[in-house]
Amino acid sequence: MGFVSEAVTDPHLMVIKSTLQQPGDVILAFSRSGQTVDLLQSVSKGKEKGARLIALTAFGNTPLTKLSDAILWTIHPARNNFLLTGLDMSMLYLIDRISLHFLSEPEREAKYLETVEAITSTGISSVKKNERI
């Protein structure tokens with residue numbers, strides 16, 4: 001969609017990337033509990049550098065929510081007294097809704113479609129499209 005972004009899950013790399021943040025950058029932090037030490041260390045460093053922090057989490061009044069500029073709530077059975085088989089479904093739903101919001105902008109949709117086309121039309125020389133392997 002035209003965003004410069006990177007998904008980082010390695011704790012050491014999270015800290016390194018966070019020290020490179022600058023004002024205007026946004027960190028999206030995904031944490032069910034809001035208390036993961038490695039995540040908190042990295043987002044704290046990012047905040048010190050001027051980045052904004054958006055948390056996707058299930059629990060309030062946690063170190064993560066206290067650091068956050070905005071919070072998107074997810075569902076967790078222990079917090080919501082709600083039986084759920086896929087804990088990540090509410091987080092995936094939020095990601096999908098955010099993506100759809102940005103794709104409603106014609107420029108972002110065009111960039112997205114251009115990227116999808118680039119992915120689907122290259123690197124398939126040895127396998128014909130729609131051919132079963």
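None of the values given here were measured: they were computed from a predicted structure.
Separation of atoms NZ (K111) and CE (M1) is listed at 12.5 Å; rounding is to 0.5 Å. To the nearest 0.5 Å, the span separating CD1 on I54 from CZ on F30 amounts to 9.5 Å.
Closest approach of V43 to A29, counting heavy atoms only: CG1-CB, 4.0 Å. Residue I27 comes nearest to G46 through the heavy atom pair CD1-CA, 3.8 Å, listed as atom of the first residue, atom of the second, then distance. Residues K49 and Q21 approach most closely at CB-O, 3.1 Å, considering heavy atoms. For the pair T65 and F59, the tightest heavy-atom approach, listed with the atom from each and the gap, is CG2-O, 3.4 Å.
A donor-acceptor distance shorter than 3.5 angstrom exists from the side chain of S18 to the backbone of S42, with no hydrogens or angles considered. Panel note: side chain S31, backbone T57; no donor-acceptor pair is recorded below 3.5 Å. Here the side chain of S68 pairs no donor or acceptor atom with the backbone of I71 at under 3.5 angstrom.
Side-chain atoms of N61 and K66, non-hydrogen and from C-beta on, do get closer than 4.5 Å to each other. Put simply, the side chain of Q41 reaches to within 4.5 Å of the side chain of K45, judged on heavy atoms. Taking 4.5 Å as the limit, every side-chain heavy atom of Q35 sits out of range of all side-chain heavy atoms of L64.
Linking ILVMFWY side-chain heavy atoms closer than 4.5 Å, directly or via other members, places L40 and L53 in a single hydrophobic cluster. Clustering ILVMFWY residues whenever any of their side-chain heavy atoms sit less than 4.5 angstrom apart, transitively, puts L72 in the very cluster that holds F3.
Checked against salt bridge (charged side-chain N to carboxylate O under 4.0 Å, His left out), D25 has no partners two or more places apart in sequence or in another chain.
The neighbour count for K47 NZ, taken as heavy atoms of other residues, nucleotides or ligands under 6.0 Å away, is above 12.
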Extract all donor-acceptor atom pairs below 3.5 Å that involve side chains of residues 6-17 and protein atoms in other chains or at least two apart in sequence.
residue	atom	partner	partner atom	Å
E6	OE1	K17	NZ	3.0
D10	OD2	H12	N	3.1
D10	OD2	L13	N	2.8

Give every donor-acceptor pair under 3.5 Å between a side-chain atom in residues 93-107 and any protein atom, sequence neighbours left out.
residue	atom	partner	partner atom	Å
S99	OG	I95	O	2.9
S104	OG	H101	O	2.5
E105	OE1	R108	NE	3.4

Would you please test R32 and T74 for side-chain contact (heavy atoms from CB on, under 4.5 Å) and show each step? CA-CA 8 Å; R32 284 187 201 111; T74 62; 5.6 Å; no
